[in-house]
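In what follows, chains carry the letters A, B, and so on, assigned in the order in which the sequence lines appear, proteins first and then strands, with residues in each chain numbered from 1.
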Protein chains: 4
Amino acid sequence: MPTRARHGREKEERRQSILQAAREVFFENGFYRATVDDVAGRAKVSKGTVYLYFESKETILALLLLEGLNELVENLEDAYAAAKTLSADERLRRLSRAYLSFFEEKPDYFRLLTATDRGRFQDSVEPSVYQEVLSASLKGLDWVGMAIQQGIDEGLFHCCDVRPAASILWATLNGVLDLMKHPLRREMVGLELEPLYQAALETVLQGLQSRE
Amino acid sequence: MPTRARHGREKEERRQSILQAAREVFFENGFYRATVDDVAGRAKVSKGTVYLYFESKETILALLLLEGLNELVENLEDAYAAAKTLSADERLRRLSRAYLSFFEEKPDYFRLLTATDRGRFQDSVEPSVYQEVLSASLKGLDWVGMAIQQGIDEGLFHCCDVRPAASILWATLNGVLDLMKHPLRREMVGLELEPLYQAALETVLQGLQSRE
Amino acid sequence: MPTRARHGREKEERRQSILQAAREVFFENGFYRATVDDVAGRAKVSKGTVYLYFESKETILALLLLEGLNELVENLEDAYAAAKTLSADERLRRLSRAYLSFFEEKPDYFRLLTATDRGRFQDSVEPSVYQEVLSASLKGLDWVGMAIQQGIDEGLFHCCDVRPAASILWATLNGVLDLMKHPLRREMVGLELEPLYQAALETVLQGLQSRE
Amino acid sequence: MPTRARHGREKEERRQSILQAAREVFFENGFYRATVDDVAGRAKVSKGTVYLYFESKETILALLLLEGLNELVENLEDAYAAAKTLSADERLRRLSRAYLSFFEEKPDYFRLLTATDRGRFQDSVEPSVYQEVLSASLKGLDWVGMAIQQGIDEGLFHCCDVRPAASILWATLNGVLDLMKHPLRREMVGLELEPLYQAALETVLQGLQSRE
DNA sequence: GATGAATGAGCGTTCATTCAT
DNA sequence: GATGAATGAACGCTCATTCAT
């Protein structure tokens, strides 16, 4: 059934083009300033068509967030797997680099994830979806945790508990990205993102290795 | 001119009561869900009066953010000054504690600062105001930087540059607070804020002391 | 031409199944709340197919109304014919009972007939169709009129004109049904439909018999 | 405080002019076809202003219905009171005439009351309001009932129960008005409203007087 | 200075109808 | 003939802002 297959593909393409349009206008104007009209206009479809593919504006946001987060998680997974034979600290460097790459390639997801007023989102979307977004946003912690556990097993780290250690590292990376995500703020700090990010990683690694 | 003075005082009081009302409704409902009607109602003035004292809803937000940030900066300043005779690492512990206190006492400012969709804010407010907010949000960096400089001078830290070191520490503290600010997320991580915050601080301090 | 014939039959079946679906959803949700999507879904055809068989949503309503009215008229006709040998007042009792049966078996037609906002209907449907609905809704009058004429001829009624007499009886029956069609209203009136309906009929019959 | 008083009066006038506009457009187009924009345009105010005075479109309808019904009830009350010294049948004639006058002077209320799809109305309006409308629409029954009770006491009517008798009379009057409210139907029936209405009244009065 | 009535553009969403396949 | 994706006008409603009093 080639026609059916074609139809399916075209539908999926249309869906994707609406999602892409939403990504663009949400990023450009922020979720609240962006209107469904904007999204429709950008995707060159009518407003009604948007609602043919998606339940609501909030649903679109949720999908974008999940898409972004899932991509990040995949990147982390790959980085972790690719560094299978390496030492714990090297695996953590790979994980961190994967996170940085994601940030640099999809900066919009970051803005969306961090800058969207949660209040409205939280109660416009099904609780399960909200939970899913929240939990996906913490997946990174798990991979970092596994690498740190390896480091503890290998005797590299002397801290006694994995979860706090992983949280500290993850929070630090997030903190640096958040601090540097805004051009104006980058300018005010007077540093480049990449070297600072690397330095932060090494500092925390050092700190975790020192016996206290 | 006692009348003029009284007028001035009354005007200022009215202004403050509107700001207070705005604080409450913005915190309760989030900036976008809160309406100017809500603010006026809470302040027991008419909607027109709100616009007599403030240019726009966004201006009010900017003022609240600045207020919060200034209070934080004062706390940091005090903590820094009070620890005048202490060693650099101890001064940094005092600064960190001051930040944590602020977060715990005014958690709403945090939400407002981090969770407000920037798009609308940025271009509804005069650029100078936006700059001011941004720069105030980086004041913490300066105080941390001064303590770290002291640490370098004292030979405590072996890193060569103050600004990156300060940024790393500040970003870490921010990252931890951000990670733990949401109850649901706190639950998912399974840790308490305070011990994690302390551990993060000590880890970074250790990392900055190690020679690389 | 068996193929043609089969096609014709299939077409008619499809048409009927759409009408049946429309009956169901119009009755369940009311005409305005029901959507063409609902009708198509219930009939398990596509929305486009509905428009292949019917000009518009209103046309479907008109057809349903006519169907209902025709059924009523047939019932009245049968009741009239079956009471061929009876006296005029008995024939009127049979006609009335037939009307009541129709109301009790198809209460939804009543709702549709009386509760549908006429505005849209009247000018969404061809004038001839509207006329047809209106005239069908008056067919009952004709049969009642014939029985009353018989009564006049037999010397039972002393009123001089058939049409007013028939109108009065018909209006009374309608009025009672309308008054009692809503459960909440039935409860408020505190009476049962059937005895009230009978009493109303007898009262009017008495009234028509009295010499004034 | 003349200003306050003037303000109040002006506000009330504005309110009334919106109600009047709603009456017009609801009557012209039916409730569902009429849009809030239409109402606003007719009242020469903005759409927002409509919502300043009324909660919702349905609320406006409810108010119009109640207004109409209350006016009717007042008319009936007056007619009943004015006929204090008359015999029961004469009082019923006065009540009926009052009802007819109301119908002729405010035909729109009738259309609105009988032709509005209840489904949507019923669940767009608070249950208490719906109850109120329903109960007001039955107030006429009470006055008719009182006059009939008087007729029973005076020995005029021989029926044993007031409520059915009142319901029959009221239903008949309603049935006639409903039958004749539409010009096209009036034409088809070939009678004038007023004589038919009178004849119906007399017929039922006769019927109620006859011993069965 | 203070009011609050008025505005009107804009919102997210719906749905009868059309039309390319 | 049948489909169902696409349309787009219209809907009821909101709310930051203005301005006559």
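Within the nucleic acid shown, D:Phe54 has no heavy atom closer than 4.0 Å to any nucleic acid atom. Within the 4.0 angstrom heavy-atom criterion, only backbone atoms of the sugar-phosphate kind lie near B:Arg14; the bases stay farther away. Looking at heavy-atom distances under 4.0 Å, D:Thr49 makes contact with a base. Contacts of A:Ala40 with the nucleic acid, taken as non-hydrogen atoms under 4.0 Å apart, are absent. Heavy atoms of D:Lys57 sit under 4.0 angstrom from primed sugar atoms or phosphate atoms, though from no base atom.
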As a quick check of understanding, evaluate salt bridge (charged side-chain N to carboxylate O under 4.0 Å, His left out) for A:Glu28 and A:Arg23, giving each step before the final call. CA-CA 8 Å; A:Glu28 280 167 23; A:Arg23 235 187 311 264; over 6 Å; no
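When rounded to the nearest whole Å, the span between CG of A:Leu61 and C1' of E:dG12 equals 15 Å. Rounded to whole angstrom, the span from the CZ atom of D:Arg33 across to the C1' atom of E:dA16 amounts to 13 Å. Counting to the nearest Å, the C1' atom of E:dG10 and the CG atom of A:Asn29 are 14 Å from each other. Atoms OH (C:Tyr51) and P (E:dC15) sit 12 Å apart, rounded to a whole Å. B:Ile60 places its CD1 atom 10 Å from the P atom of F:dA16, with the value rounded to the nearest Å. Look at CD on C:Glu58: it is 14 Å from P on E:dC15, rounded to the nearest Å. Distance, D:Lys11 NZ to F:dA20 P: 20 Å, rounded to whole Å. Look at NZ on A:Lys44: it is 16 Å from P on F:dA6, rounded to the nearest Å.
Remark: E:dA6 base-pairs with F:dT17; criterion is Watson-Crick or G-U wobble with both hydrogen-bond distances under 3.5 Å. Remark: E:dT13 base-pairs with F:dA10. Criterion, Watson-Crick or G-U wobble with two distances under 3.5 Å.
The side chain of A:Ser46 has F:dT7 as its nearest neighbour among E:dT13, E:dT17, F:dT7. When each of F:dT17, E:dT17, F:dT7 is scored by its nearest atom to the side-chain atoms of B:Ser56, the top-ranked nucleotide is F:dT17. Listed nucleotides: F:dA6, E:dC15, E:dT18. Nearest to the side chain of A:Tyr53: F:dA6.
In this model, no side-chain donor or acceptor of D:Lys47 finds a partner on the base of E:dT7 within 3.5 Å.
No donor-acceptor distance shorter than 3.5 angstrom exists from the side chain of B:Thr49 to the backbone of B:Leu52, with no hydrogens or angles considered.
With the nearest nucleotide of DNA chain F identified for both B:Gly48 and A:Gly48, A:Gly48 has the one nearer the 5' end. Take the nearest nucleotide of DNA chain F for C:Leu52 and for D:Asp37: the residue whose nucleotide is more 5' is C:Leu52.
Aromatic pair C:Tyr109/C:Phe27: ring centres closer than 6.0 Å.
Each of C:Gln20, C:Glu12, C:Glu13, C:Arg14 was evaluated against C:Gln16; a single residue qualifies, C:Glu12, per the side chain to side chain donor-acceptor pair (under 3.5 Å) test.
Using cut-offs of 30° and 60° on the angle between ring planes, the pair D:Phe26 and D:Phe31 is perpendicular.
Remark: B:Leu184 CG to A:Leu134 CG distance equals 5.0 Å, nearest 0.5 Å.
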